[in-house]
Peer 1: 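This is the structure I have questions about; it appears just below.
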Amino acid sequence: MSQLKVYNSITRQKEVFKSITPGHVGMYVCGPTVSGESHLGHARPYITFDVIYRYLTFLGNKVRYVRNITDAGHFEEEGREAEDKISKKAVLEKLEPMELVQKYTNLFHWAMAQFNTIPPSIEPTATGHIVEQIEMIKKIIEAGYAYEVNGSVYFDVKKYAASHKYGKLSGRIIEDLLETTRELEGQEEKRDTADFALWKNAAPEHIMRWQSPWGAGFPGWHIECSAMATKYLGAQFDIHGGGMDLLFPHHESEIAQSTICNHTAPVRYWIHNNMITINGRKMGKSYNNVIKLTELFSGDHPLLEKAFHPMTIRFFILQTHYRSTLDFSNEALLASEKGLKRLWDAYENLGKLKQEDSLQEASDAGLESKVKKLVEEFDEFMNDDFSTAKVLANMFEIVPVINSMKDKTIPVSALSKQTFGLLQRNFKIWVEDIFGLKSVNEADNSKLQGVMQLLIDIRKEAKGKKDFVTSDKIRNQLAQLGIILKDEKGGDMSWNID
RNA sequence: GGUCCUGUGGCCGAGUGGCUAGGCAGAGCUCUGCAAAAGCUCCUACACCAGUUCGAAUCUGGUCGGGACCUCCA
C-alpha cells in the first residue's frame, strides 16, 4: 500500500505523514465559537476532519482527536442584547452567559450527530481551562515576550520576529504587518499594532470575567487553543486542523505563543480546509449569505427549494477535495442528493448479493481486473492527501456492475470469489466506516416492514391476475404517503421512503 | 495597497505533460401492462495571448475575470 501523504500548509507541499509516536496520532481541530448557530460553512471542517480522523483510525492508529469549544470572549446573543439594554433588573431576564453557551453547544452537538460525525476524544472548553491559559501567559511574560498594560497582556510580535519566523505559516511579511496603519479601538495600548492580546482587561459590565494576576478579565482568542492543545497533546503534536481563514492571525499566533512557551514548534502538519462559497462568495455573517444548519435541514430559507438531508450535505462535501472551494447552490445539492441515493442503493444491493454465487475463477477476466483495480485504488487516492472525490468517482464506476448483478444481466460469478469479497468488504469499509455515510431512511422498524410485505404480497397476487386496478391503487396510494414501490425484474418489488 | 489562491462542458466538480474522472441535467435505445428504477449509447470542455515541448487543461511569462486573508469569520 502507498504511504499517506498530506499537504502541509506550513511547507506548502505534500509530505509523507509520519506520526511522532508510531501508531499514535494527536490531532487538534479548532472548534466552534458557541455564541450563535452553526451554518453550512461550519459543516465543512468538522466533516472533513471527521473523515481524516476515521481514515487515520482505519490505518491502525490510535488517534486522540481534540476539538475545543470556544465559550469565552465577548458574547452577545442576537436579539437579546436590546432586551438587556432596556435594563430589566430581574436575573431571569438578563443574559446569562452559560445559558447562551449551553444552548448553542447543544445545537452544535445535535448538528454534528446529524452529520454522523464521531465525537472527538476530548472536547475541552475555553472556560474550563482558564488556569492553564493564565499559566501559559505567565511563562511568556517571564520569557520576556509579553507585556502588561492596564490589566491586559499583549504578545510582543516584534521581539518574537527578531529571532523567529512570524508569518511563516500564513506567508505574511513581518515588515508589512508592523507598518499597518489600521486604527482600531484599544490599539493604543499596544506597543505595536501587530501585537495580539493574550489577556484582556474586562470592564465591570462585561458578562464573562475571571480573576488573574493582571486583574479581572478574559483570555485572548489564540491562547485558548495553545493551552488546551499543549495540555492534551503535548508540546509538539502531529496534526492541527481548521479552516483556511484561521491561518492568520489565529494559527500564526498559536505557533508564536507555543514556541516561546514550550521551546518547540507545536505542530508537525498543518491541515486547512477551504471555504464553502455561495454565488462565489464565502459564506459568512458579514456577507449576509449564511444558511444555518437548521434551515438547511428544514428547507426554511429563501435560497432553498427544499429541505436537504444531513447525509446529502456530507456527500456534497466529500465530492470535492477539501482544499478547493466548494460552491453551494440548490442545483448542486440536488445533484448530490440524487448521486448519494444512487450510490447508497447500489451499496445496499451489493450487500444482498451472495458471494457463494461466485467461483474461484472469474468468468469475465476483463471485468475482474477492472473492478479489482478500481477497488484497490481507493487507498491510493485517499493516501494522496485525502482525495475523497476520486474514491467516490471509482465507486460510481462500479455502481453499474453492481446494478447489473442485481438485475442478473451480469452473473455474480463474472467476478472471482476473491474479488467479489474484496468489493463487498471495501464498499462497507469505505462507505460506512471511512466516509461515514448512513441510510437516509430513518424508518426501519420491523412492523412497517411487515405491513409493506403484506401489501407487496397482495399486489403480487393482483398482478398475477392482471388486476391492474388493484395493483396501481396500492402503488399510487403508497406514493401519496411518500413510499415508493418499484417493480423489479423477475416480479419482485422493492420499496423505499421518499 | 500587501500576501496568497483560483478560472474546466447547461450546473457541481476530479485532474500526476500524451491514454482526454465522476455526479446531476439533456437526447436516443433496451427492459416493462403502465410507472419508476436499472442497463447501454450520445453530448468530449479546459478564460485569453504568447512561449517551452514531438506533444500543454497540466510547465513559464503576460492580459483579463473571480475569491480568501490582512477585522475574535470554519
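Quantities reported herein were computed from a predicted structural model and do not represent experimental measurements. Chain letters run A, B, ... following the sequence lines, proteins first, then strands; residues in each count from 1.
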Peer 1: If you pin A/R281 and A/D384 to their nearest nucleotides in RNA chain B, which one's is more 5'?
Peer 2: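 Of the two residues, A/D384 wins.
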
Peer 1: Ignoring the backbone of A/K390, work out which of B/C69, B/C11, B/A14 is nearest its side chain.
Peer 2: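 Out of B/C69, B/C11, B/A14, the nucleotide with an atom closest to A/K390's side chain is B/A14.
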
Peer 1: B/G62 and B/C29: how far apart are their C1' atoms, nearest whole angstrom?
Peer 2: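 Straight-line distance between the two C1' atoms is 50 Å.
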
Peer 1: For A/G41, answer base if it contacts any base atom (sugar-phosphate contacts may also be present), sugar-phosphate if it contacts only those atoms, and nothing otherwise; contact means non-hydrogen atoms under 4.0 Å.
Peer 2: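 Since a base atom lies under 4.0 Å of A/G41, the category is base.
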
Peer 1: Within the structure shown, what part of the strands sits under 4.0 Å from A/L334 by heavy-atom distance: base, sugar-phosphate, or nothing?
Peer 2: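 The residue A/L334 makes no contact with any strand.
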
Peer 1: Roughly how far apart, to the nearest Å, are B/G18 and B/A57 at atom C1'?
Peer 2: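 These two C1' atoms come out 13 Å apart once rounded.
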
Peer 1: Rounded to whole angstrom units, what separation is found between the CD1 atom of A/I276 and the P atom of B/G67?
Peer 2: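 About 18 Å, once rounded to whole Å.
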
Peer 1: Contact class for A/L247 (heavy atom, under 4.0 Å): base, sugar-phosphate, or nothing?
Peer 2: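 Here A/L247 touches no strand at all.
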
Peer 1: Do A/S2 and A/N383 have side-chain atoms, one donor and one acceptor, less than 3.5 Å apart?
Peer 2: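 Judged by distance alone, the side chains do pair up.
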
Peer 1: How does RNA chain B read in dot-bracket, base by base from 5' to 3', with Watson-Crick or G-U pairs under 3.5 Å and | used when the partner is on another strand?
Peer 2: (((((((..(((.....[...))).(((((.......)))))....(((((..]....))))))))))))....

Peer 1: Is the distance between the ring centroids of A/F115 and A/Y46 under 6.0 Å?
Peer 2: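 Judged by ring-centre distance (under 6.0 Å), A/Y46 and A/F115 do not meet the cut-off.
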
Peer 1: What interatomic distance, in whole Å, is found between P of B/G65 and the corresponding atom of B/G22?
Peer 2: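 One P to the other, the span is 35 Å.
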
Peer 1: Just the table, please: protein N/O against nucleotides 36-41 of chain B N/O, every pair under 3.5 Å.
Peer 2:
residue, atom, partner, partner atom, Å
B/A36, N1, A/D487, O, 3.2
B/A38, O3', A/N403, ND2, 3.0
B/A38, O2', A/D407, OD2, 2.8
B/G39, OP1, A/N403, ND2, 3.1
B/G39, OP2, A/R342, NH1, 3.1

Peer 1: Should A/Y55 and A/W430 be marked as a ring-ring contact (aromatic ring centres under 6.0 Å, His included) after you check the CA-CA gap, both sets of side-chain angles, and the distance that decides it?
Peer 2: CA-CA 9 Å; A/Y55 189 60; A/W430 286 84; 5.7 Å; yes

Peer 1: Quiz question: by atom type and distance under 3.5 Å, do the side chains of A/E15 and A/T11 form a donor-acceptor pair?
Peer 2: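 Present: a donor and an acceptor within the cut-off.
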
Peer 1: When you check the side-chain N and O atoms of A/T127 and A/D71, is any donor under 3.5 Å from an acceptor?
Peer 2: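 Short answer, yes.
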
Peer 1: State whether a side-chain donor-acceptor pair under 3.5 Å links A/H251 with A/H222.
Peer 2: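 No donor-acceptor contact under 3.5 Å links the two side chains.
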
Peer 1: What integer number of Å spans the C1' atoms of B/A68 and B/U44?
Peer 2: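 Each nucleotide's C1' atom is 32 Å from the other's.
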
Peer 1: Hey, which of these two, A/D472 or A/M283, hits RNA chain B nearer its 5' end, going by closest nucleotide?
Peer 2: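 First, find each residue's nearest nucleotide; the 5'-ward one identifies A/D472.
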
Peer 1: Is the distance between the ring centroids of A/W199 and A/F155 under 6.0 Å?
Peer 2: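 No, they do not, as the ring centres are separated by 6.0 Å or more.
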
Peer 1: Looking only at side chains, do A/S170 and A/E252 share a donor and an acceptor under 3.5 Å apart?
Peer 2: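 Yes - a donor-acceptor pair under 3.5 Å links their side chains.
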
Peer 1: Quote, to the nearest angstrom, the C1' distance that separates B/C40 from B/C19.
Peer 2: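 That atom pair is separated by 23 Å.
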
Peer 1: Taking the minimum atom-to-atom distance to the side chain of A/I173, which one of B/U3, B/G15, B/C69 wins?
Peer 2: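 Nearest listed nucleotide: B/U3.
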
Peer 1: How is A/A332 classified with respect to the nucleic acid when contacts are heavy atoms under 4.0 Å: base, sugar-phosphate, or nothing?
Peer 2: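 Sugar-phosphate, no base atom in range.
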
Peer 1: Under 4.0 Å, heavy atoms only, any strand: does A/K200 hit a base, just the sugar-phosphate, or nothing?
Peer 2: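 Base, at least one base heavy atom under 4.0 Å.
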
Peer 1: Just N and O in the side chain of A/K282: are any of them under 4.0 Å from OP1 or OP2 of B/A74?
Peer 2: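 Checking A/K282 against B/A74: no side-chain N or O falls below 4.0 Å of OP1 or OP2.
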
Peer 1: Describe the nucleic acid contact of A/E337 in one word from base, sugar-phosphate, nothing, applying a heavy-atom distance below 4.0 Å.
Peer 2: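 Nothing, no nucleic acid heavy atom in range.
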
Peer 1: In whole Å, measure the gap between the P atoms of B/C12 and B/C49 for me.
Peer 2: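 Pairwise P distance, B/C12 against B/C49, rounds to 23 Å.
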
Peer 1: Verify the distance criterion only: is there a donor paired with an acceptor across the side chains of A/D50 and A/Y65 at less than 3.5 Å?
Peer 2: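 Looking only at side-chain atoms, A/Y65 and A/D50 do not form any donor-acceptor pair under 3.5 Å.
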
Peer 1: Could you please name the option among B/A14, B/A21, B/G33 that lies closest to any side-chain atom of A/F468?
Peer 2: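 The answer is B/G33, which lies nearest to the side chain.
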
Peer 1: For the C1' atoms, the ones on B/U63 and on B/U6, what distance do you get once it is rounded to whole angstrom?
Peer 2: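 Each nucleotide's C1' atom is 16 Å from the other's.
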
Peer 1: Counting any heavy atom closer than 4.0 Å, what does A/S336 reach on the DNA or RNA strands: base, sugar-phosphate only, or nothing?
Peer 2: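 Result for A/S336 = nothing.
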
Peer 1: Return yes if the base of B/C34 and the side-chain atoms of A/R475 contain a donor-acceptor N/O pair under 3.5 Å, otherwise no.
Peer 2: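 Donor-acceptor pair under 3.5 Å: yes.
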
Peer 1: Using only modelled atom types and a 3.5 angstrom limit, is any donor from either the side chain of A/D327 or the base of B/G13 paired with an acceptor on the other?
Peer 2: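 When only heavy-atom distances are counted, A/D327 does not reach the base of B/G13 through any donor-acceptor pair under 3.5 Å.
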
Peer 1: State, without any angle test, whether A/D327 and A/T277 hold a side-chain donor-acceptor pair at a distance under 3.5 Å.
Peer 2: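 A/D327 vs A/T277: donor-acceptor pair found between side chains.
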
Peer 1: Whether the A/D467 and A/T470 side chains hold a donor-acceptor pair (N or O, under 3.5 Å, no angle test) is what I'd like checked.
Peer 2: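 Side-chain D/A pair, A/D467 to A/T470: present.
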
Peer 1: Nearest to the side chain of A/E331, heavy atoms from C-beta on, is which of B/C11, B/G22, B/A74?
Peer 2: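 Given the options B/C11, B/G22, B/A74, the side chain of A/E331 is closest to B/C11.
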
Peer 1: Could you tell me whether the phosphate oxygens of B/A14, OP1 or OP2, come under 4.0 Å of any side-chain nitrogen or oxygen in A/S324?
Peer 2: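 It does, given that an N or O in the side chain of A/S324 lies less than 4.0 Å from OP1 or OP2 of B/A14.
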
Peer 1: Under 4.0 Å: is that the gap between some side-chain N or O of A/Y287 and OP1 or OP2 of B/A68?
Peer 2: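 Yes.
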
Peer 1: Tell me what A/M244 touches on the nucleic acid: a base, only sugar-phosphate, or nothing, going by heavy atoms under 4.0 Å.
Peer 2: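 It contacts nothing in the nucleic acid.
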
Peer 1: Under 4.0 angstrom, heavy atoms only, what part of the nucleic acid is A/H222 near: base, sugar-phosphate, or nothing?
Peer 2: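 No contact.
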
Peer 1: Find the distance A/I313:CD1 to B/C12:C1' and express it as a whole number of Å.
Peer 2: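 For the pair A/I313 CD1 and B/C12 C1', the rounded distance is 14 Å.
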
Peer 1: Can you tell me how far C1' in B/G1 sits from the matching atom in B/C43, rounded to whole Å?
Peer 2: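 To the nearest whole Å, 47 Å.
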
Peer 1: Looking only at side-chain atoms of A/W221, point me to the closest of B/G23, B/C72, B/A74.
Peer 2: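 Among B/G23, B/C72, B/A74, the one nearest the side chain of A/W221 is B/C72.
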
Peer 1: Using ring centroids (six-membered ring only for Trp), state whether A/F386 and A/F49 fall under 6.0 Å.
Peer 2: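 Not close enough - the centres of the two rings lie 6.0 Å or further apart.
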
